[in-house]
2 protein chains.
Amino acid sequence: MTVEVQADEVLETLEEALVRSAYYVMGVLTRIGGEHDLSLSQLRVLGILRDRRLRMTDLAAHLGLDKSTMSGLVERAERRGLLARDKNPEDGRVVDVFATQAGHELMERMHVALRREMASALGRITPEAARELVRLLAPILEEAGKGIARPARGR
Amino acid sequence: MTVEVQADEVLETLEEALVRSAYYVMGVLTRIGGEHDLSLSQLRVLGILRDRRLRMTDLAAHLGLDKSTMSGLVERAERRGLLARDKNPEDGRVVDVFATQAGHELMERMHVALRREMASALGRITPEAARELVRLLAPILEEAGKGIARPARGR
DNA sequence: TATTGTTATACTCTATAACTATA
DNA sequence: TATAGTTATAGAGTATAACAATA
């Protein structure tokens with residue numbers, strides 16, 4: 001009983017630690033994205049398309065957004081020359097999206113900036129602790145990778 | 001030399017793990033917030049005001065948002081009866097913001113929902129691992145708590 | 001003069017509903 | 001009929017600039 005209460009408390013603490021670190025990371029991403037006029041969503045789209053080409057629907061599913069939202073996001077990124085659209089040759093309804101050379105280059109710059117920005121926080125961690133953290137975060141990330149997010153109802 | 005390269009690689013891996021877990025947590029927060037018509041920003045405002053009362057400027061600083069953005073956020077939450085504004089008696093320019101009873105109750109429901117939603121991910125972690133995770137995340141959270149976020153330039 | 005907050009404006013982000021084109 | 005995507009619409013979230021009130 002006492003053990004369960006303690007276990008509950010430590011989970012509570014962990015939950016708060018994860019939420020706070022998430023806000024921290026999002027803050028960093030928002031800032032470095034903002035320096036290059038990229039919103040969190042645009043940043044994420046570019047990140048997802050770093051190593052693949054996806055149709056609109058799959059992209060929307062990955063982001064947990066409606067396909068109409070996706071159209072706007074891609075449209076604005078395309079206008080800036082970061083993404084491009086191609087009609088899928090096998091299914092006339094499908095539109096494939098992929099990052100352009102400029103998109104890849106911008107993403108690379110974002111990545112470098114992220115490393116730099118997080119250095120002060122991560123620099124204080126020993127390689128052993130980092131390895132341990134990665135190991136302990138694995139089950140959470142596994143859960144994260146499971147269901148592809150779906151858009152929330154209403155507003 | 002070899003050791004440094006390895007250290008660099010593990011930091012790279014940790015960075016990716018942190019970013020991915022941040023996206024996961026934000027996804028969960030977005031979903032449970034959305035179920036009660038609360039955006040991430042509204043959720044965060046309510047969370048910050050859970051145990052304190054802040055003036056508009058300080059609230060904006062905590063969130064890393066412009067004060068004009070804050071006005072709109074608070075205005076909408078106030079219209080829903082979740083927050084309230086009071087003129088500060090000591091400085092006529094200042095407006096203090098605080099959560100109403102309804103705001104506190106909604107926040108409590110959000111908290112319960114968050115526990116439930118994250119249970120499947122956190123449930124797979126032993127109490128020992130959870131304690132260790134909290135300990136390892138501490139230096140990052142310390143960094144997070146340092147500078148209060150400021151709004152990004154431009155758009 | 002400087003600080004605090006609001007308002008006007010212009011975009012981006014978002015979902016819903018209605019639509020077009022393809023299967 | 002069903003699926004993929006776009007467009008029209010409405011509203012939230014965001015920053016900049018201009019403003020009013022207070023210090």
Side-chain angles (χ1 to χ4, degrees), chain A residues 26-27 29-31 33-46 53-80 82-97 149-155, chain B residues 26-27 29-31 33-46 53-80 82-97 149-155:
Chain A
M26 287 299 148
L29 287 175
T30 299
R31 177 152 35 85
E35 286 168 9
H36 292 79
D37 281 315
L38 281 180
S39 69
L40 270 185
S41 294
Q42 295 281 4
L43 203 54
R44 203 172 171 195
V45 171
L46 241 42
R53 145 193 298 243
L54 288 176
R55 55 175 66 184
M56 294 294 293
T57 299
D58 290 345
L59 201 46
H62 269 82
L63 291 159
L65 297 172
D66 188 84
K67 55 186 180 166
S68 65
T69 302
M70 217 51 250
S71 284
L73 238 25
V74 169
E75 203 281 325
R76 287 183 290 275
E78 190 175 34
R79 210 190 307 150
R80 290 176 59 183
L82 303 174
L83 301 180
R85 281 188 266 211
D86 258 353
K87 294 203 74 164
N88 185 303
E90 292 171 17
D91 186 332
R93 298 170 300 182
V94 172
V95 170
D96 294 317
V97 189
R150 259 157 316 174
R153 290 282 136 236
R155 167 143 294 260
Chain B
M26 288 299 148
L29 288 175
T30 299
R31 177 151 36 85
E35 285 168 10
H36 292 80
D37 281 315
L38 281 179
S39 70
L40 271 184
S41 293
Q42 295 282 3
L43 203 55
R44 202 173 172 193
V45 172
L46 241 43
R53 145 192 299 244
L54 289 175
R55 56 176 63 183
M56 294 295 292
T57 300
D58 290 345
L59 200 47
H62 269 83
L63 291 158
L65 297 173
D66 189 84
K67 54 186 180 167
S68 65
T69 302
M70 218 50 250
S71 285
L73 238 24
V74 169
E75 202 280 325
R76 288 184 290 273
E78 190 176 33
R79 210 189 307 150
R80 291 176 58 182
L82 303 175
L83 301 179
R85 282 187 267 211
D86 258 353
K87 291 205 73 162
N88 187 303
E90 293 171 16
D91 187 332
R93 298 170 299 181
V94 172
V95 170
D96 293 318
V97 189
R150 259 159 314 173
R153 291 282 137 236
R155 169 144 289 264

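Quick note on labels: first sequence line is chain A, next is B, and so on, each numbered from 1.
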May I ask you to verify if any side-chain N or O of [X] is less than 4.0 angstrom from the OP1 or OP2 atom of [N]?
| X | N | result |
| --- | --- | --- |
| A:Ser41 | C:dT12 | no |
| A:Arg55 | D:dT3 | no |
| A:Ser39 | C:dT12 | no |

DNA chain C: 5'-proximal contact among A:Arg93 and A:Thr69 (nearest heavy atom): A:Thr69
If I take atom [atom1] in residue [X] and atom [atom2] in nucleotide [N], what distance separates them, rounded to the nearest angstrom?
| X | N | atom1 | atom2 | result |
| --- | --- | --- | --- | --- |
| B:Glu75 | D:dG11 | CD | P | 14 Å |
| B:Leu63 | D:dT14 | CG | C1' | 12 Å |
| B:Arg76 | C:dC13 | CZ | P | 16 Å |
| A:Leu40 | D:dA12 | CG | P | 21 Å |
| A:Asp66 | C:dT12 | CG | P | 19 Å |
| A:Arg79 | D:dT6 | CZ | P | 14 Å |
| B:Asp37 | C:dA15 | CG | C1' | 12 Å |
| B:Leu54 | C:dG5 | CG | P | 11 Å |

Pair B:Leu73-B:Arg44, side chain to side chain contact (heavy atoms under 4.5 Å, CB included): steps then yes or no: CA-CA 11 Å; B:Leu73 238 24; B:Arg44 202 173 172 193; over 6 Å; no
Derivation of the side chain to side chain contact (heavy atoms under 4.5 Å, CB included) call for B:Arg80 and B:Gln42: CA-CA 11 Å; B:Arg80 291 176 58 182; B:Gln42 295 282 3; 5.5 Å; no
Of the listed nucleotides ([options]), which one gets closest to any side-chain atom of [X]?
| X | options | answer |
| --- | --- | --- |
| A:Val94 | C:dT6, D:dA23, D:dA4 | D:dA4 |
| A:Ser68 | C:dC13, C:dA15, D:dA4 | C:dA15 |
| A:Lys67 | D:dG5, C:dG5, C:dT12 | D:dG5 |

Quick one: label [X] by what it contacts on the DNA or RNA (base, sugar-phosphate, nothing), any heavy atom closer than 4.0 Å.
| X | value |
| --- | --- |
| B:Gly72 | nothing |
| B:Asp91 | sugar-phosphate |
| A:Gln42 | sugar-phosphate |

Criterion side chain to side chain contact (heavy atoms under 4.5 Å, CB included) on A:Val45 and A:Met70, from CA distance to verdict: CA-CA 9 Å; A:Val45 171; A:Met70 217 51 250; 3.8 Å; yes
Carboxylate-amine/guanidinium proximity below 4.0 Å for A:Arg31 and A:Glu35: no
Working for side chain to side chain contact (heavy atoms under 4.5 Å, CB included), residues A:Leu82 and A:Leu38: CA-CA 11 Å; A:Leu82 303 174; A:Leu38 281 180; 4.1 Å; yes
